[in-house]
Every structure is written in structure tokens, then in C-alpha cells.
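Below is one structure; the comments refer to it alone.
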There are 2 protein chains.
Amino acid sequence: MDFCEEFVKTNESATNLTGVMVSNLTLEDIAEQAGVSRSTVSRVVNDLPNVSEDVRRRVLDVIQQTGYHPNAAARTLASQRSWTLGLVLPQSVFQFFTDPYFPHLTKGIAQACNEHNYTLALYLVSSKEDEKKIFTRVTRKGLLDGVLVQSGHHGDQQIIGHLMDANIPQVVLGRPQHFDNVTFVDVDNVSGAYNAAVHLIRLGYRRIATITGPSLSAVGLDRHAGFTKALSDRGVKLDEALVIEGDFTEAGGYYAMQRLLPTRPEAVFVASDLMAIGAVRAAREAGLSVPNDIALIGFDDVPLAATNDPPLTTIRQPVVQFGIRAVELLMDLIENGIHPPRHVIMDTQLIIRDSCGAIRKDLISG
Amino acid sequence: MDFCEEFVKTNESATNLTGVMVSNLTLEDIAEQAGVSRSTVSRVVNDLPNVSEDVRRRVLDVIQQTGYHPNAAARTLASQRSWTLGLVLPQSVFQFFTDPYFPHLTKGIAQACNEHNYTLALYLVSSKEDEKKIFTRVTRKGLLDGVLVQSGHHGDQQIIGHLMDANIPQVVLGRPQHFDNVTFVDVDNVSGAYNAAVHLIRLGYRRIATITGPSLSAVGLDRHAGFTKALSDRGVKLDEALVIEGDFTEAGGYYAMQRLLPTRPEAVFVASDLMAIGAVRAAREAGLSVPNDIALIGFDDVPLAATNDPPLTTIRQPVVQFGIRAVELLMDLIENGIHPPRHVIMDTQLIIRDSCGAIRKDLISG
DNA sequence: TATGATTGTGGGAGCGCTCTCACAAATTAT
DNA sequence: ATAATTTGTGAGAGCGCTCCCACAATCATA
């Protein structure tokens, strides 16, 4: 019997190569060493009141010496809080994850999570099979306190419904296409695109084209709507031949521009910077100078926009703030439950660089 | 008493708006409904043997109907396995996370995790305060089964030591600078850079410069070493004035190239594609044509390299495979314990495009 | 037919926490 | 002084699983 206990103890506190104790120390072990009860140690660890100063100090000392860390799984099981948030990027954005937008967003989200001591679980859906596995993993209790879901093509928005059914707190990144009874954060794509188009009109362009995002995505639709509205508000004729659907990739922008060039537009509103970079490439290959022969304006303000040749005039999104805001909303949802869904729309900003020809125009008019 | 039980039941199985049952169903609930014991349900859920076919079917039916999911925390606590891996990106790479390399790597890792039913926890260290919080969160028991650590500047490699002390399975991404008793995956940076330099020499260039990575990083050092060795092996003089240290950013490449141009190099080996893109920009601004006036070769083969103007000759890294291999090694470590640390070095591949002038040379010699 | 091995099932003891409650001790109010 | 409150502490009952062991029922073997 004695032997058995001894064995257990040895097993509990093994020593590693560097001589530092590694251990599956428990509250009870700390309690014993500090001469108090498990409950008291728990209070100290969680910084709860009703512990006398000297006891708190004594327990803290033992914790320091032993390098005790509370077990996350046990804590989660007992408190029903995992302090982990999920970030789900659906299949339709998987290929775009290398584009600067998503890494940037992820940075914002990760930063916000760190700040509030949440762990961030990343779910990148790369295939239909992934999706199934991820569905069950995300809705499983005891792992996530809440989920951020990137909105995407309408084909992969089932996850939002699943989470609603499972009653799991969620915040959607970007306006979801088929749900309005869910909290989401979005950037004002309509007004951003509107401002971009107005900027081109103000610069005197009248034959204005657009390379849109996928018509299956809310982002693509919204930016297209803003563009259209600006033209109609300002009495500029919208030629359907000047509207080409792109896919948010560099190559997509390149091919769209190639199709657009025969129509001889004076200016193009491209629904993303990456596509704009491709569009510039196509224009240049066709012997055209940007902005002298054709003006361009992008959307996003990715880091590359500024260093592109020519630097891109674009609509800046507050990407990092966007991520932070989403996390804050989610935490609020987790803490205070489901009040009526909230919709946060963030503003964009027109960044004037060279590709729109504003600088050239200035020189002419000045 | 009866009332109380009734109340508990009601509480357990609330109905949501869509009428679908949401519940904190437990094994016991399923057991009761299927008329078997908790143990049997557990066997069914975990697909263990020793369950008769009809019982298995009956239990499966109940699970299907109720939408039961096992609780992750409880499972983790009881089995001491969380099925979660951590990916730690130290502070020195935080700013690079938007570069295509890390998102690409993350994709590979995420894919591998999905495939093996692991959840991926992402830790992006954005500051010194983050680092502290993340240290404790990563070493905490009951959350992670193992950790992938990106190697970075020698200043932020403490985490590797911490994990070793805590006896947590880890695989380092990239050769760590100060540990060799740890399992890591790396790309053969030395031979990659060597091949790049040899390629330039073969094309007839003799005045060959390099824009290196940070001398604080193993990657920067290794690529520089490979470059140097190639020149010395081939009897090409290495002029120290032709070596400029960069920082892996586009802007860094731009400025490095500006400093390099007065020395009139014929060709430049740039230690990353992003820096190469910046270098092209600087060369062009100085009125030089790439590759006619100056040849360039990059490293990484990010997607942009192919669409750059001119398309970049570069050294391709098997980024996705790299991530997958790292996950596999980590899973092996988790399952089979710490055998002597393994070092996996993956091969690179020379991708010839336009920026090195190979095509021009072909025309001349052909 | 008796014996042993195999298969199927249930009970129980944890895993390491949180959290409510009981209760003693110290404080304040009456 | 006593009663009422506040503060500090510990015991105990879970949280929802896994996993070992006991045991009955079935099968193969002697």
C-alpha cells in the first residue's frame, strides 16, 4: 500500500533532462504543500476574494516554486468556458488565404484574442470533406466558446445556420447573404465603391468600366452596387459592356482587363487591389500607360498597393480594426447572451495615389 | 422532488427557434434512451470493438436523432488528449505574416490538421506582453497535445527551451539557431542559394551581388552561406561591397537595391521574392531594365513571382509539403514519444523565368 | 459434459477543476 | 453584553468523459 502511494508520487513529479521539475501537478498537490484546501488554492489561482493576505502569499509561493499551471481541460469542464474562439474560413476563401487580406485580418483577430486571453482556433476549410469534419468539430461542446465565421459564397454558408441551430455564439465577418438574424461586422462596401466611382467622375472620366468581384459573394455584389449607384447619381452612362466579372485574383484581374481593353475605357474601378495589379499588368502588356492612357482604382489597400508601379489609388479597409471589433462583439455575445443581432458597418477611406491620374490632373489644372 | 427532476430535464433539452433540439446531452442521456450503459455508448462513439451489431445500431440511431456530440473538454480531461496542436509564430515573423509565405505555410498545416482530425490553435506573438501570455497558455496542460514553433530571430527562441523543459512535444519549423536536440523541418536553404548562384554564374555573370536576409535569422545566414560557397567553388570573386543585408520586406529589397546599384552588379541573388520585387522596382526607377541591364534571382516562389514584371526566376520551396511534414512529425512525437530528435531537410527547386536573363541568353546563343 | 477462452455489457473510480454550501472566526451593529 | 453580519476556509458534489475490472453469456476446445 505504501509502495503504491510512493509510486504514484514519483510518477506525478518526473524530472526532465535539464533538471527542472515537470509535473502534472494538481490543485490538491499545491493545497497540500501550502497546508490549505483545494478550494483556497482555487481562489488564489483565480484571483477571487476572501483569502487572507498571508495565505494568498504562501500559496503563490508554492505555485511559483512548483511551476504549477491549472489544467485547461479540467477548468473548461467544470466551468463550461474554454476561453477559445474559433475562426472559420470557408472553402471559397481558402485559395485567397495567401492574399494579403486574410492574413491581415487574422493578425487583427489574433491580437484581440491575445489581449483578452483567448486562444484562437483556426479552421481553414480546404475541401468538402474538411467542411464536414469541421462542422462537427466546431459545434462540439467544450471546445469553443464562440465562433467567427467569414462570409463567402452562398454555397458555403451552411455553417452559419448550423451554429445558429446549435445555439453557439457567432459573429459573421462580412455581411452574410442569407441571414440577417445574426450578428455581423462589415465594411461599407457600397459607399466605398461609390466614393471610388465618384472620384473617377470628378477627375473627368466618363467612360468608366468596372471589374467586379464574384457575383456569388456579398462583397462583389455590394461593391458593384455602389459603383452603379454613383454613376447613376452623377448622370454618367453605364455601359454593360464595361462591366466584367472578376474573381479577386491577380490572374482574374489580368484576364478581365484583357477583355475590357477593346472597349477602350478611360478609367476602371477594380473591386480589389490584387485584381487591379493584374489589370495594370494587362494594360501595360497592351502598350498602355497607367494612368496616362487608362486610370485605375482598386479596393482594399493591401501593402502591395503602395509599392506597386504605379502606386494604386484605392479604398482602404480598416482590416485590423475589423478583426478586433468582431472579437469584441463575440466576447460580448459570449458574456451577455444573445440580444437582438447587431450589425456593425465600418467606414472605408479613399487613398489617392498615382493609378487614378489625380496627380497628373492636378498638374494640368495647376 | 418530481418537479425538480422534471425541471432539470427541461433545462437539459431546450428547443431553439428552428425547432431543432439543442442540448447538453451526455453519454448517460444517450445510454438511457438506448437502454444500455454509458460504457457501451462510449464504445460506440469511439468505434471500439465488443459491441453487438444491433446494440451499436440502436445507439447510433439515438445519437443521430438527438444530434449528440461528445463534450471535448470531458474527453480531453479523461483521456489526456486534446487533439489540438498549437502553431506559434514568434514576434519576429508577426510583421511577415501578411507575406505570402506564412499564409501558405499555415494552409499546409491547417490541411494536415484537418485530415488527421486535429484542431489548430494559432498563436501570433505581436508583442512582448503577448509572448508572456502565450508562453503560459502554450505550456498549460490539457489544451495542446503538441506545438509547432516557427524559428525566427535568436531573440525569440526561448519558447523552444520552455517547451523542452515542460516536456511538450514540439517540432520547429526551420532550423533553430541555438538548439540541435529538437526535432525540426527545414528547407535546404544552403543548397537552394547555391543553385541560384551557380545558375547566375552559368549564365555568364561574374559581378554577382546578393541582398541577404537578416543576419539574425538562420534562413538569412544559410542562404548567404550557400551563395558564398557557390562563388568560391566556381572561382568567382566575391566583393564584400556587393553584399547588402535586407530584411525580407519589399521596401527592404528596394532600399538595398538602391544602395547596391552604384556598385554596378551584373546580377543579384536576392534572398526572398518579396525583396526581389522591391529590387526590381529600384532598378527600374534607376532606369535599368531587368534582366537586360541587371539580372535578378529570388527565393521562395511566392505566387506573385510568376506574375511579376518581369516574372521572377527563383528558388521554389515546397511550402505546403513542409507544413504537412511538420504536422506528421509532431503527430509521431505525440503518439510515440521522444525518440532522438529528427531533422528533416527538404529540397528546393530552381524555377527559371525571365528576371535572370536566361531566356535572352538562349536567344543569343541559339 | 466440463473447462477454458472469447465476446458483450455494466459499474465504478478517476481525470483536475469550479462552485455552492456549511461553518468557524473575526468584525460590526445593537 | 449579545445578535447580526462579514470574512476566511474546507468539504462535497458535480462537469462528462475514459478506462479498468467484474461478470454473464456465448463460443471453441479437450
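Computed from a prediction, not measured in an experiment: that's the story for all the values here. Chain identifiers are assigned alphabetically (A, B, ...) following the order of the sequence lines, protein sequences preceding nucleic acid strands; residue numbering begins at 1 within each chain.
- Taking every side-chain heavy atom of B:Arg43 into account, D:dC20 is the closest of D:dC20, D:dG10, D:dC17.
- In this structure, CG of A:Leu77 is placed 12 Å from P of C:dC19, rounded to the nearest angstrom.
- Spacing between atom CG of A:Asp54 and atom P of D:dT9 amounts to 7 Å, rounded to whole angstrom units.
- Each of A:Arg38 and A:Glu53 lies near DNA chain D, and the nucleotide nearest A:Glu53 is the one positioned closer to the 5' end.
- When each of C:dT18, D:dG16, D:dC17 is scored by its nearest atom to the side-chain atoms of A:Asn46, the top-ranked nucleotide is C:dT18.
- A:Glu28 places its CD atom 12 Å from the P atom of C:dG14, with the value rounded to the nearest Å.
- What separates CG of B:Leu27 from C1' of D:dC15 is a distance of 13 Å, to the nearest Å.
- A:Ser39 comes within 4.0 angstrom of a base, heavy atoms only.
- Taking atom CG on A:Leu143 and atom C1' on D:dG16, their separation rounds to 15 Å, with Å as the unit.
- In this structure, the nucleotide among C:dG16, C:dT20, C:dG10 sitting nearest to the side chain of B:Ser37 is C:dG10.
- Taking B:Arg140 as the reference, A:His69, A:Pro70, A:Ala72, A:Arg75 meet the side-chain contact (heavy atoms from CB on, under 4.5 Å) condition, with sequence neighbours excluded.
- Across the protein-nucleic acid pair, B:Arg75 atom CZ and D:dC19 atom C1' stand 13 Å apart, rounded to whole Å.
- Taking every side-chain heavy atom of A:Ser42 into account, C:dT18 is the closest of C:dG16, C:dT18, D:dT18.
- A distance of 5.0 Å separates CG of B:Asp145 from CD1 of B:Ile334, quoted to the nearest 0.5 Å.
- Note: B:His162 and B:Phe135 have tilted aromatic rings, judged against thresholds of 30 and 60 degrees for the angle between ring planes.
- When heavy atoms are screened at a 4.0 angstrom cut-off, A:Gln80 is found touching the sugar-phosphate backbone but no base atom.
- Of the residues near DNA chain C, A:Ala73 and B:Val55, the one whose nearest nucleotide (by heavy atom distance) lies more toward the 5' end is B:Val55.
- Side-chain contact check for B:His339 and B:Asp332: at least one donor-acceptor pair (N or O, by modelled atom type) lies under 3.5 Å.
- Distance, A:Leu25 CG to C:dC15 C1': 15 Å, rounded to whole Å.
- Side-chain contact check for B:Thr119 versus A:Leu143: some heavy-atom pair is nearer than 4.5 Å.
- Sequence order on DNA chain C of the closest nucleotides to B:Ser79 and B:Val51 puts B:Val51 first from the 5' end.
- Looking at heavy-atom distances under 4.0 Å, B:Asn50 makes contact with a base.
- Here the nucleotide nearest the side chain of B:Ala78, chosen from D:dT9, C:dC15, C:dC17, is C:dC15.
- The side chain of B:Ser52 contributes an N or O atom lying less than 4.0 Å from OP1 or OP2 of C:dT9.
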CA sep, side-chain torsions, deciding dist, call: B:Asp47, B:Arg56, salt bridge (charged side-chain N to carboxylate O under 4.0 Å, His left out): CA-CA 9 Å; B:Asp47 212 28; B:Arg56 187 182 295 274; 3.5 Å; yes

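- Each of B:Leu48 and B:Ala74 has a nearest nucleotide on DNA chain D; the 5'-most of these lies closest to B:Ala74.
- Taking 4.0 angstrom as the limit, A:Asn71 places none of its side-chain polar atoms (N or O) nearer than this to OP1 or OP2 of C:dC15.
- Taking only side-chain nitrogens and oxygens, A:Thr40 comes nearer than 4.0 Å to OP1 or OP2 of D:dG10.
- In the interface, the side chain of B:Arg56 is not paired with the base of C:dG8 through any donor and acceptor atom under 3.5 Å apart.
- Here the shortest heavy-atom pairing between A:Val182 and A:Pro176 reads CG1-CG, 3.8 Å.
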Quick one: do A:Glu131 and A:Lys128 satisfy salt bridge (charged side-chain N to carboxylate O under 4.0 Å, His left out)? Show the steps, please. CA-CA 5 Å; A:Glu131 194 172 68; A:Lys128 271 276 164 239; 3.0 Å; yes

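- For the helix from C:dG4-D:dC27 to C:dA29-D:dT2, the terminal axes (five pairs an end, C1' atoms, rotation from four pairs onto the next four) enclose an angle of 40°, given to 10 degrees.
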